[in-house]
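One structure is given here, and the rest of the page talks about it.
Below, chain A is the first sequence line, B the second, and so on; all start at residue 1. These figures come from a predicted structure and were not determined experimentally.
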Amino acid sequence: MSKIEGRFIAFPRWFLEAGNCSGSQALVLLALQSFAGAGGIYPSYEALAKRAGISRRSAVSAVASLVEAGVLVKQSRSNERGHESNSFTIIFDQSGEICTSANDGFTSAKSALPSAKKDRPSAKSALPLVQNLHPNLERTLSRRLSKDNPISAPEAQDAFDVYNQAADQAGWTKAISLSKPRAAKLKARLAEAGGLDGWRAALQRAAGNPFMAGDNERGWKADLDFFLQQKSFTRLIEGTYDRKPTSGACATNSRPSGPHAKLFEAAARVADREQRGEL
Amino acid sequence: MSDDAMVKIPNWYLESGLAKANDAHVLICISSFSDDDQNSVCSLQAVSQLARLSAKTVRTSVQNLIDVGVLQLGEHPGQYRLIYDKEAVTNEQD
(Lines give C-alpha, C1' and ligand atoms only; values in the text may rest on other atoms or scores of the structure.)
Protein backbone atom coordinates (compact mmCIF):
# COMPACT_ATOMS: atom_id res chain seq x y z
CA MET A 1 0.00 0.00 0.00
CA SER A 2 2.76 2.38 0.92
CA LYS A 3 4.38 1.80 -2.44
CA ILE A 4 1.77 3.94 -4.12
CA GLU A 5 1.40 6.58 -1.48
CA GLY A 6 1.10 10.03 -2.98
CA ARG A 7 0.85 8.64 -6.48
CA PHE A 8 -2.80 7.86 -6.65
CA ILE A 9 -6.14 9.50 -7.09
CA ALA A 10 -8.89 8.10 -4.99
CA PHE A 11 -12.40 7.43 -6.14
CA PRO A 12 -15.33 6.89 -3.75
CA ARG A 13 -16.04 3.17 -3.70
CA TRP A 14 -19.64 3.54 -2.67
CA PHE A 15 -20.39 5.70 -5.68
CA LEU A 16 -18.83 3.24 -8.08
CA GLU A 17 -20.74 0.41 -6.53
CA ALA A 18 -24.00 2.29 -6.60
CA GLY A 19 -24.06 1.46 -10.28
CA ASN A 20 -25.18 4.91 -11.37
CA CYS A 21 -21.77 6.24 -12.23
CA SER A 22 -21.15 7.19 -15.85
CA GLY A 23 -17.80 7.50 -17.55
CA SER A 24 -17.89 11.28 -17.70
CA GLN A 25 -18.88 11.46 -14.04
CA ALA A 26 -15.97 9.20 -13.15
CA LEU A 27 -13.59 11.26 -15.19
CA VAL A 28 -14.74 14.58 -13.74
CA LEU A 29 -14.60 13.23 -10.21
CA LEU A 30 -11.04 12.04 -10.79
CA ALA A 31 -10.13 15.35 -12.37
CA LEU A 32 -11.52 17.20 -9.36
CA GLN A 33 -9.56 14.95 -7.07
CA SER A 34 -6.39 15.75 -8.97
CA PHE A 35 -6.86 19.41 -8.04
CA ALA A 36 -7.01 18.60 -4.35
CA GLY A 37 -4.59 20.64 -2.32
CA ALA A 38 -4.14 21.67 1.26
CA GLY A 39 -6.72 24.43 0.86
CA GLY A 40 -9.34 22.29 -0.80
CA ILE A 41 -10.57 21.69 -4.31
CA TYR A 42 -11.58 24.74 -6.28
CA PRO A 43 -10.78 24.55 -9.96
CA SER A 44 -12.66 26.66 -12.47
CA TYR A 45 -14.93 24.80 -14.86
CA GLU A 46 -12.48 25.65 -17.64
CA ALA A 47 -9.58 24.08 -15.76
CA LEU A 48 -11.68 21.10 -14.81
CA ALA A 49 -12.82 20.57 -18.39
CA LYS A 50 -9.27 20.86 -19.65
CA ARG A 51 -7.95 18.37 -17.10
CA ALA A 52 -10.72 15.90 -17.91
CA GLY A 53 -10.39 16.45 -21.65
CA ILE A 54 -14.03 17.33 -22.10
CA SER A 55 -16.00 20.46 -22.98
CA ARG A 56 -16.87 23.03 -20.35
CA ARG A 57 -20.52 22.28 -20.86
CA SER A 58 -19.95 18.59 -20.22
CA ALA A 59 -18.00 19.44 -17.08
CA VAL A 60 -20.79 21.64 -15.77
CA SER A 61 -23.32 18.93 -16.50
CA ALA A 62 -21.20 16.21 -14.88
CA VAL A 63 -20.65 18.33 -11.77
CA ALA A 64 -24.38 18.97 -11.48
CA SER A 65 -25.13 15.25 -11.73
CA LEU A 66 -22.44 14.41 -9.18
CA VAL A 67 -23.91 16.93 -6.76
CA GLU A 68 -27.34 15.49 -7.38
CA ALA A 69 -26.01 12.00 -6.69
CA GLY A 70 -24.61 13.17 -3.38
CA VAL A 71 -21.01 12.30 -4.09
CA LEU A 72 -19.97 15.92 -4.47
CA VAL A 73 -20.71 19.00 -2.43
CA LYS A 74 -20.36 22.30 -4.22
CA GLN A 75 -20.01 25.59 -2.40
CA SER A 76 -19.92 28.99 -4.00
CA ARG A 77 -17.08 31.28 -3.05
CA SER A 78 -16.84 35.00 -3.43
CA ASN A 79 -14.46 37.76 -2.58
CA GLU A 80 -14.41 41.55 -2.91
CA ARG A 81 -14.14 41.30 -6.67
CA GLY A 82 -17.09 39.01 -6.98
CA HIS A 83 -17.53 35.31 -7.62
CA GLU A 84 -14.61 32.95 -7.36
CA SER A 85 -14.43 29.39 -8.54
CA ASN A 86 -16.56 26.94 -6.57
CA SER A 87 -15.17 24.90 -3.74
CA PHE A 88 -15.80 21.16 -3.96
CA THR A 89 -15.84 18.39 -1.40
CA ILE A 90 -15.87 14.79 -2.51
CA ILE A 91 -17.83 12.45 -0.29
CA PHE A 92 -15.85 9.28 0.22
CA ASP A 93 -17.63 7.81 3.16
CA GLN A 94 -21.25 8.52 3.74
CA SER A 95 -20.89 7.66 7.40
CA GLY A 96 -17.72 9.67 7.96
CA GLU A 97 -17.29 12.98 9.69
CA ILE A 98 -16.92 15.04 6.56
CA CYS A 99 -19.90 13.36 5.07
CA THR A 100 -22.79 14.83 6.96
CA SER A 101 -24.39 15.79 3.68
CA ALA A 102 -23.44 12.61 1.89
CA ASN A 103 -26.68 11.05 2.91
CA ASP A 104 -28.26 13.24 0.25
CA GLY A 105 -27.08 10.83 -2.28
CA PHE A 106 -26.42 7.77 -0.28
CA THR A 107 -26.97 4.80 -2.41
CA SER A 108 -26.27 1.23 -1.73
CA ALA A 109 -23.06 -0.40 -2.78
CA LYS A 110 -24.89 -2.38 -5.37
CA SER A 111 -27.84 -1.14 -7.25
CA ALA A 112 -29.74 -4.13 -8.44
CA LEU A 113 -31.92 -2.08 -10.68
CA PRO A 114 -31.47 -2.65 -14.38
CA SER A 115 -30.00 0.09 -16.47
CA ALA A 116 -32.47 2.35 -18.18
CA LYS A 117 -30.76 1.71 -21.49
CA LYS A 118 -30.32 -2.02 -21.34
CA ASP A 119 -31.62 -4.61 -18.99
CA ARG A 120 -28.21 -5.68 -17.86
CA PRO A 121 -27.88 -7.78 -14.76
CA SER A 122 -26.72 -6.02 -11.64
CA ALA A 123 -23.33 -6.60 -10.13
CA LYS A 124 -25.16 -8.44 -7.37
CA SER A 125 -26.61 -10.90 -9.81
CA ALA A 126 -23.17 -11.25 -11.32
CA LEU A 127 -21.81 -12.63 -8.08
CA PRO A 128 -22.31 -16.29 -8.91
CA LEU A 129 -20.70 -15.65 -12.26
CA VAL A 130 -17.51 -14.21 -10.87
CA GLN A 131 -17.27 -16.44 -7.84
CA ASN A 132 -15.57 -19.14 -9.85
CA LEU A 133 -12.84 -16.88 -11.12
CA HIS A 134 -10.83 -15.95 -8.08
CA PRO A 135 -11.34 -16.03 -4.33
CA ASN A 136 -10.48 -12.33 -4.19
CA LEU A 137 -13.55 -11.53 -6.19
CA GLU A 138 -15.83 -13.44 -3.93
CA ARG A 139 -14.40 -11.74 -0.89
CA THR A 140 -14.53 -8.29 -2.45
CA LEU A 141 -18.05 -8.61 -3.73
CA SER A 142 -19.33 -10.28 -0.59
CA ARG A 143 -17.93 -7.44 1.47
CA ARG A 144 -19.64 -4.92 -0.74
CA LEU A 145 -22.90 -6.73 -0.65
CA SER A 146 -23.04 -6.98 3.11
CA LYS A 147 -21.77 -4.24 5.40
CA ASP A 148 -21.44 -1.54 2.78
CA ASN A 149 -24.86 -2.19 1.45
CA PRO A 150 -27.43 -1.25 4.05
CA ILE A 151 -30.10 -0.12 1.62
CA SER A 152 -30.92 -2.69 -1.01
CA ALA A 153 -32.98 -2.28 -4.14
CA PRO A 154 -35.86 -4.30 -2.72
CA GLU A 155 -36.01 -1.76 0.09
CA ALA A 156 -36.42 0.98 -2.47
CA GLN A 157 -39.36 -0.97 -3.88
CA ASP A 158 -40.74 -1.40 -0.37
CA ALA A 159 -40.39 2.32 0.25
CA PHE A 160 -42.16 2.96 -3.02
CA ASP A 161 -45.03 0.73 -1.92
CA VAL A 162 -45.14 2.39 1.50
CA TYR A 163 -45.46 5.75 -0.20
CA ASN A 164 -48.35 4.55 -2.34
CA GLN A 165 -50.14 3.16 0.71
CA ALA A 166 -49.69 6.47 2.49
CA ALA A 167 -50.74 8.37 -0.63
CA ASP A 168 -53.88 6.30 -0.84
CA GLN A 169 -54.81 7.17 2.71
CA ALA A 170 -53.69 10.77 2.72
CA GLY A 171 -55.04 11.74 -0.67
CA TRP A 172 -51.71 12.44 -2.33
CA THR A 173 -50.93 11.67 -5.92
CA LYS A 174 -49.98 8.04 -6.24
CA ALA A 175 -46.80 7.05 -8.02
CA ILE A 176 -46.92 4.61 -10.88
CA SER A 177 -43.35 4.04 -11.94
CA LEU A 178 -40.27 3.33 -9.88
CA SER A 179 -37.73 4.76 -12.27
CA LYS A 180 -34.00 4.54 -11.73
CA PRO A 181 -33.64 8.19 -10.56
CA ARG A 182 -36.54 7.71 -8.19
CA ALA A 183 -34.99 4.54 -6.81
CA ALA A 184 -31.69 6.33 -6.24
CA LYS A 185 -33.43 9.18 -4.43
CA LEU A 186 -35.54 6.75 -2.45
CA LYS A 187 -32.39 5.04 -1.25
CA ALA A 188 -30.93 8.39 -0.27
CA ARG A 189 -34.04 9.35 1.67
CA LEU A 190 -34.16 5.91 3.28
CA ALA A 191 -30.62 6.39 4.47
CA GLU A 192 -31.56 9.75 5.91
CA ALA A 193 -34.66 8.40 7.57
CA GLY A 194 -32.80 5.46 9.05
CA GLY A 195 -34.59 2.82 7.03
CA LEU A 196 -38.06 1.85 6.02
CA ASP A 197 -39.63 2.51 9.41
CA GLY A 198 -38.24 6.03 9.44
CA TRP A 199 -39.54 6.62 5.94
CA ARG A 200 -42.98 5.36 6.93
CA ALA A 201 -42.99 7.52 10.03
CA ALA A 202 -41.94 10.58 8.03
CA LEU A 203 -44.78 10.08 5.58
CA GLN A 204 -47.19 9.61 8.44
CA ARG A 205 -46.15 12.95 9.81
CA ALA A 206 -47.18 14.62 6.58
CA ALA A 207 -50.35 12.61 6.16
CA GLY A 208 -52.32 14.86 8.43
CA ASN A 209 -51.56 18.02 6.51
CA PRO A 210 -54.63 18.97 4.44
CA PHE A 211 -52.56 21.38 2.38
CA MET A 212 -50.68 18.45 0.91
CA ALA A 213 -53.87 16.64 0.09
CA GLY A 214 -55.02 19.42 -2.20
CA ASP A 215 -56.59 21.80 0.31
CA ASN A 216 -54.94 24.85 -1.16
CA GLU A 217 -55.70 27.54 -3.70
CA ARG A 218 -54.01 25.76 -6.56
CA GLY A 219 -55.35 22.36 -5.72
CA TRP A 220 -51.76 21.13 -5.54
CA LYS A 221 -51.22 17.68 -4.09
CA ALA A 222 -48.02 16.22 -2.76
CA ASP A 223 -46.49 13.48 -4.85
CA LEU A 224 -43.61 11.08 -4.54
CA ASP A 225 -41.17 13.39 -6.29
CA PHE A 226 -41.99 16.11 -3.80
CA PHE A 227 -41.05 13.88 -0.87
CA LEU A 228 -37.95 12.66 -2.67
CA GLN A 229 -36.52 16.16 -2.86
CA GLN A 230 -33.87 16.48 -0.24
CA LYS A 231 -35.13 19.88 0.87
CA SER A 232 -38.73 18.74 1.20
CA PHE A 233 -37.75 15.60 3.03
CA THR A 234 -35.59 17.46 5.52
CA ARG A 235 -38.51 19.75 6.25
CA LEU A 236 -40.77 16.77 6.56
CA ILE A 237 -38.66 14.99 9.15
CA GLU A 238 -38.10 18.25 10.98
CA GLY A 239 -41.86 18.55 11.36
CA THR A 240 -42.39 21.60 9.17
CA TYR A 241 -45.28 19.87 7.45
CA ASP A 242 -46.88 18.52 10.59
CA ARG A 243 -50.51 19.32 10.96
CA LYS A 244 -50.84 22.47 13.01
CA PRO A 245 -53.51 22.52 15.74
CA THR A 246 -56.46 24.66 14.76
CA SER A 247 -57.01 27.83 16.74
CA GLY A 248 -59.14 27.39 19.81
CA ALA A 249 -58.61 23.67 19.93
CA CYS A 250 -56.61 22.13 22.68
CA ALA A 251 -53.98 20.07 20.94
CA THR A 252 -53.32 17.82 23.88
CA ASN A 253 -56.93 16.89 24.40
CA SER A 254 -58.06 16.75 20.82
CA ARG A 255 -58.48 13.31 19.37
CA PRO A 256 -58.02 12.84 15.66
CA SER A 257 -61.04 11.71 13.81
CA GLY A 258 -62.05 10.96 10.27
CA PRO A 259 -60.52 8.61 7.74
CA HIS A 260 -56.94 9.43 8.78
CA ALA A 261 -57.45 9.00 12.52
CA LYS A 262 -55.24 5.93 12.79
CA LEU A 263 -52.58 7.61 10.75
CA PHE A 264 -52.62 10.67 13.01
CA GLU A 265 -52.33 8.52 16.08
CA ALA A 266 -49.43 6.61 14.59
CA ALA A 267 -47.70 9.85 13.67
CA ALA A 268 -48.24 11.16 17.18
CA ARG A 269 -46.76 7.99 18.63
CA VAL A 270 -43.76 8.33 16.39
CA ALA A 271 -43.31 11.99 17.29
CA ASP A 272 -43.61 11.08 20.95
CA ARG A 273 -40.97 8.37 20.60
CA GLU A 274 -38.73 10.82 18.76
CA GLN A 275 -39.03 13.30 21.58
CA ARG A 276 -38.08 10.62 24.04
CA GLY A 277 -35.06 9.83 21.90
CA GLU A 278 -36.17 6.31 21.06
CA LEU A 279 -35.99 6.90 17.33
CA MET B 1 -11.45 7.79 5.94
CA SER B 2 -10.59 4.15 5.57
CA ASP B 3 -8.76 2.72 2.59
CA ASP B 4 -11.77 0.57 2.02
CA ALA B 5 -13.77 3.62 1.05
CA MET B 6 -11.41 4.46 -1.80
CA VAL B 7 -10.61 2.95 -5.14
CA LYS B 8 -7.16 4.11 -6.20
CA ILE B 9 -5.82 4.72 -9.64
CA PRO B 10 -2.47 6.18 -10.72
CA ASN B 11 -2.32 9.94 -10.52
CA TRP B 12 -0.17 10.33 -13.61
CA TYR B 13 -2.81 8.76 -15.83
CA LEU B 14 -5.13 11.70 -15.34
CA GLU B 15 -2.39 14.29 -15.43
CA SER B 16 -1.12 12.88 -18.71
CA GLY B 17 -4.23 14.17 -20.44
CA LEU B 18 -4.71 10.75 -22.01
CA ALA B 19 -7.64 9.77 -19.85
CA LYS B 20 -10.93 9.13 -21.60
CA ALA B 21 -14.25 8.78 -19.87
CA ASN B 22 -14.88 5.08 -20.48
CA ASP B 23 -11.23 4.17 -20.04
CA ALA B 24 -11.05 5.91 -16.68
CA HIS B 25 -14.28 4.28 -15.60
CA VAL B 26 -12.99 0.86 -16.58
CA LEU B 27 -9.69 1.48 -14.80
CA ILE B 28 -11.55 2.38 -11.62
CA CYS B 29 -13.64 -0.75 -11.90
CA ILE B 30 -10.59 -2.95 -12.40
CA SER B 31 -8.86 -1.30 -9.47
CA SER B 32 -11.92 -1.85 -7.32
CA PHE B 33 -11.33 -5.58 -7.56
CA SER B 34 -7.85 -5.21 -6.12
CA ASP B 35 -6.88 -5.92 -2.56
CA ASP B 36 -3.56 -4.10 -2.71
CA ASP B 37 -4.50 -1.28 -5.13
CA GLN B 38 -2.08 -2.63 -7.69
CA ASN B 39 -2.97 -6.17 -8.64
CA SER B 40 -6.46 -7.06 -9.72
CA VAL B 41 -8.13 -10.26 -10.69
CA CYS B 42 -11.39 -9.86 -12.50
CA SER B 43 -13.14 -10.94 -15.65
CA LEU B 44 -14.09 -8.51 -18.39
CA GLN B 45 -17.64 -9.55 -17.77
CA ALA B 46 -17.46 -8.54 -14.12
CA VAL B 47 -15.96 -5.19 -15.09
CA SER B 48 -18.59 -4.79 -17.76
CA GLN B 49 -21.35 -5.34 -15.25
CA LEU B 50 -19.87 -3.06 -12.64
CA ALA B 51 -19.23 -0.28 -15.15
CA ARG B 52 -22.49 -0.94 -16.97
CA LEU B 53 -20.65 -0.88 -20.24
CA SER B 54 -20.76 -3.43 -23.01
CA ALA B 55 -18.08 -6.13 -23.08
CA LYS B 56 -16.83 -4.72 -26.35
CA THR B 57 -16.41 -1.25 -24.87
CA VAL B 58 -14.62 -2.67 -21.86
CA ARG B 59 -12.31 -4.68 -24.09
CA THR B 60 -11.49 -1.56 -26.11
CA SER B 61 -10.90 0.46 -22.97
CA VAL B 62 -8.63 -2.20 -21.49
CA GLN B 63 -6.59 -2.15 -24.68
CA ASN B 64 -6.40 1.67 -24.53
CA LEU B 65 -5.26 1.49 -20.92
CA ILE B 66 -2.59 -1.03 -21.85
CA ASP B 67 -1.47 1.16 -24.76
CA VAL B 68 -1.19 4.18 -22.48
CA GLY B 69 0.82 2.08 -20.06
CA VAL B 70 -1.33 2.47 -17.00
CA LEU B 71 -2.42 -1.16 -17.08
CA GLN B 72 -0.53 -4.38 -17.67
CA LEU B 73 -1.85 -7.84 -18.20
CA GLY B 74 -0.84 -10.47 -15.69
CA GLU B 75 0.36 -13.95 -16.38
CA HIS B 76 -3.07 -15.44 -16.30
CA PRO B 77 -6.29 -14.29 -17.93
CA GLY B 78 -8.15 -11.82 -15.78
CA GLN B 79 -5.03 -10.64 -13.97
CA TYR B 80 -4.17 -6.96 -14.24
CA ARG B 81 -1.57 -4.70 -12.74
CA LEU B 82 -1.94 -0.96 -12.35
CA ILE B 83 1.23 0.98 -13.06
CA TYR B 84 1.79 3.78 -10.61
CA ASP B 85 5.34 4.57 -11.66
CA LYS B 86 5.11 6.75 -14.73
CA GLU B 87 8.88 6.76 -15.17
CA ALA B 88 8.86 3.04 -15.70
CA VAL B 89 6.34 3.46 -18.49
CA THR B 90 8.26 6.31 -20.12
CA ASN B 91 11.57 4.43 -19.98
CA GLU B 92 9.96 1.34 -21.43
CA GLN B 93 8.47 3.35 -24.29
CA ASP B 94 11.81 5.03 -24.99
Side-chain angles (χ1 to χ4, degrees), chain A residues 1 3-4 6-17 19-31 33-34 50-54 58 62 92-99 110 115 117-118 120-127 129-130 133-137 139-141 143-144 148, chain B residues 1-55 57-58 61 70 74 76-79 82-87:
Chain A
M1 205 76 74
K3 283 192 288 185
I4 64 165
R7 293 189 288 172
F8 66 84
I9 309 178
F11 191 87
R13 188 179 290 276
W14 72 266
F15 183 54
L16 175 71
E17 294 172 347
N20 300 320
C21 172
S22 71
S24 56
Q25 284 179 326
L27 192 56
V28 166
L29 206 53
L30 289 173
Q33 176 67 181
S34 73
K50 192 177 175 187
R51 178 67 58 88
I54 56 176
S58 300
F92 279 94
D93 185 352
Q94 61 268 30
S95 59
E97 288 175 9
I98 62 161
C99 306
K110 285 282 171 283
S115 158
K117 284 187 257 179
K118 292 185 182 178
R120 292 193 188 112
S122 67
K124 186 173 180 177
S125 66
L127 185 57
L129 180 74
V130 297
L133 293 173
H134 194 279
N136 280 354
L137 277 180
R139 192 166 60 250
T140 308
L141 284 179
R143 184 184 60 204
R144 292 171 188 171
D148 294 339
Chain B
M1 180 170 52
S2 73
D3 263 11
D4 235 20
M6 299 186 278
V7 177
K8 296 173 187 173
I9 68 158
N11 197 8
W12 70 264
Y13 172 59
L14 202 82
E15 290 175 347
S16 69
L18 299 168
K20 298 279 182 291
N22 283 347
D23 299 354
H25 194 186
V26 166
L27 186 63
I28 295 165
C29 291
I30 290 175
S31 180
S32 77
F33 286 107
S34 171
D35 276 345
D36 63 357
D37 300 319
Q38 272 192 305
N39 298 291
S40 276
V41 182
C42 54
S43 68
L44 283 180
Q45 216 166 350
V47 174
S48 160
Q49 284 171 339
L50 185 56
R52 293 182 184 267
L53 294 170
S54 70
T57 305
V58 171
S61 288
V70 71
H76 303 288
Q79 286 186 347
L82 277 75
I83 307 301
Y84 284 86
D85 188 357
K86 188 190 177 186
E87 299 305 318

Intermediate values then yes/no, side-chain contact (heavy atoms from CB on, under 4.5 Å), H25(B) and L16(A): CA-CA 9 Å; H25(B) 194 186; L16(A) 175 71; 4.0 Å; yes

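Every side chain to side chain donor-acceptor pair (under 3.5 Å) that S61(B) has, sequence neighbours left out, goes to D23(B). With sequence neighbours excluded, the residues forming a side-chain contact (heavy atoms from CB on, under 4.5 Å) with S58(A) are I54(A), S55(A), listed by chain and number.
Ranked by heavy-atom pairs under 4.5 Å with chain A, the first of V26(B), I9(B), N22(B) is I9(B). Chain B forms the most heavy-atom pairs under 4.5 Å with one residue out of S34(A), P12(A), C21(A), and that residue is C21(A).
Remark: side-chain polar atoms of R13(A) are paired, donor with acceptor, to backbone N or O of S32(B) under 3.5 angstrom. With R52(B) contributing its side chain and N20(A) its backbone, the two residues share no donor-acceptor pair below 3.5 Å.
From I28(B), atom CD1 reaches atom CG of L29(A) across 7.5 Å, with rounding to the nearest 0.5 Å. How far CG of L14(B) is from CD1 of I9(A): 4.5 Å, rounded to the nearest 0.5 Å. Rounding to the nearest 0.5 Å places CZ of R7(A) at 12.0 Å from NZ of K8(B).
If you measure heavy-atom distances from A52(A) to chain B, the contacts under 4.5 Å come from the backbone alone.
In terms of heavy-atom proximity, A24(B) sits nearest to L27(A) at CB-CD1, 3.8 Å. Heavy atoms only, all atoms of each residue included: S24(A) and A21(B) are closest at N-CB, 3.7 Å.
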